[in-house]
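As structure tokens, the structure follows; a few thoughts come after it.
Residue numbering restarts at 1 for every chain, and letters A, B, ... go by the order of the sequence lines. Worth saying up front: this structure is predicted, and the values here are computed from it rather than measured.
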There are 2 protein chains.
Amino acid sequence: MIVGVSQSSGKMSRSDELTREGVPWNEFTDRRGSEISGEAEPSQYMYQIIEGAVRTYKLLSDGRRQINAFHLPGDVFGVESGEVNRFTADAIIETRVRLTGRQIIFENASCRKSSAMDNILHLITKNLEHAESHMLLLGRKTSLEKVAAFVLEMDKRPTAAGVMILPMGRRDIADYLGLTIGTVSRALSILKNRGALTFIRQAQREIVLRDRRKLAELES
Amino acid sequence: MIVGVSQSSGKMSRSDELTREGVPWNEFTDRRGSEISGEAEPSQYMYQIIEGAVRTYKLLSDGRRQINAFHLPGDVFGVESGEVNRFTADAIIETRVRLTGRQIIFENASCRKSSAMDNILHLITKNLEHAESHMLLLGRKTSLEKVAAFVLEMDKRPTAAGVMILPMGRRDIADYLGLTIGTVSRALSILKNRGALTFIRQAQREIVLRDRRKLAELES
DNA sequence: CGACTCCTTGACAGCGTTCAACAGTAGTGG
DNA sequence: CCACTACTGTTGAACGCTGTCAAGGAGTCG
């Protein structure tokens, strides 16, 4: 990681507000694939992504992996940890994050009284909400429904600007949806053949949604 | 629901401490199968279970169901809601719960400053932790691993006292694990045949764990 | 251009579902 | 207390969705 210094800026979302509580943030750049924080390590920091993409996941002993969430620019993660991290976080592509000690937030009396606590509660609640919908997806949706839901979810993210550029590969998508690479690939082909989306310039990670209505129906 | 009046009592767990903040709780009894709170309704209350069992779940439009969690005596749920409930909660068996308005907790200044906020954060964090492990289970474990994990999870609950008496039926277990009734039943039979557990007196909901080590190995 | 990784696609196998029959359990009323 | 009924759980057989394995194509980077 390369150390830098950050300054809060940009639009005021709920997560950005946290950065205005007079808390010092340090900025880092993580290379593609590098680990930001590891499962079962003491959790010291919370992170906000400036640029890039991060995946958080859990592993089974034999290597099976479940990605809990993808974090894109603006997202905050690590707030919800207890004493130790419950999952691993690493950079999918080159990523700039800024971080701050968690105890600064939780032990600082002025923070507790301020709206910072509301923001933290809001962030954690959002996480929980996402986790609960994702359980429904993992437990009860078909592969086609899962992939349609994934595409629509990514479409709602700030990345979207006409063309959707996915930072993650098929392996990551599969581990997020509880599928295999092959099934993800097949489902995307089906969606393409049905006219719900198209790929750009033969690059499989650049997608244009052609029929959000059809996708929403397929999501179930 | 039948109205009653409650008084805090019993051992002091993290969730019990919340009941000692001078907050008024009302007590209710819910009959088997009755809905306690519905998805998308405004969320007004948080609940603690005194006796019985509650399931919280989400539904797809065609009736497919995913149970997020089972709540047993002592458990608190509903703290984590935002403006509206994100899931439905109903009683699996006859259940006594006590409830209190959520805004009393969140808007009361004395509560905010006190340890009540720590307890709330702790409860929500526990929920999130459970949701994340459950995603790993739903997305990446086999049917046998899922059922073994379920049995071990229930074994850790206060219900356990030599014999484990499951309040929920096979349908609920299936919808919790992302399986069907048949698969759950088959997996339990396999565990029984392998000597990992036994049923009591032909009652399929009373289980004795014979080999927790073997179950733990099968879990993953 | 060459080597590597990533993605797609096909053939096949297998796990879990579906459907159905049966058995065991519980609930109800005579 | 028993008979009747409805519900719940078990088990078998066949199907199908998704996984597995492999080959080949496309993209990327040196």
Could you give the [atom1]-to-[atom2] distance, from [X] to [N], as a whole number of Å?
| X | N | atom1 | atom2 | result |
| --- | --- | --- | --- | --- |
| A/Ile93 | C/dC6 | CD1 | C1' | 16 Å |
| B/Glu94 | C/dG27 | CD | P | 12 Å |
| B/Arg170 | C/dT25 | CZ | P | 12 Å |
| B/Phe199 | D/dT11 | CZ | P | 9 Å |
| A/Arg205 | D/dA26 | CZ | C1' | 13 Å |
| B/Leu179 | D/dT10 | CG | P | 14 Å |
| B/Arg171 | C/dT18 | CZ | C1' | 12 Å |

Original post:
Where does the angle between the aromatic ring planes of A/Phe77 and A/Tyr47 fall among parallel (under 30°), tilted (30 to 60°) and perpendicular (over 60°)?
Top reply: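 Geometry flag for A/Tyr47 against A/Phe77: parallel rings.
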Subject >> Aromatic plane relationship, A/His130 with A/Tyr176 - under 30° parallel, 30 to 60° tilted, over 60° perpendicular >> reply: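 Rings of A/Tyr176 and A/His130: parallel, under 30°.
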**OP:** Please name all residues satisfying side-chain contact (heavy atoms from CB on, under 4.5 Å) with A/Arg186, sequence neighbours left out, ordered by chain then number.
**Re:**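 Scan of A/Arg186 (side-chain contact (heavy atoms from CB on, under 4.5 Å), adjacent residues dropped) gives none.
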Inspect the contact between [Y] and [X] and indicate whether a charged nitrogen and a carboxylate oxygen are less than 4.0 angstrom apart.
| X | Y | result |
| --- | --- | --- |
| B/Asp211 | B/Arg194 | no |
| A/Arg170 | A/Asp175 | no |
| A/Glu145 | B/Arg64 | yes |
| B/Glu27 | B/Arg96 | yes |

Original post:
Taking everything shown except B/Lys126 itself, do over 12 heavy atoms lie less than 6.0 Å from its NZ?
Top reply: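 Open: at most 12 neighbouring heavy atoms sit under 6.0 Å from NZ of B/Lys126.
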Subject >> Members of residues 138-148 of chain A that approach DNA chain D, where some heavy atom sits under 4.0 Å away >> reply: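 By residue number: A/Thr142, A/Ser143.
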Original post:
Which parts of residues 181-189 of chain A get close to DNA chain D, meaning a heavy atom less than 4.0 angstrom away?
Top reply: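 Those residues are A/Thr183, A/Arg186.
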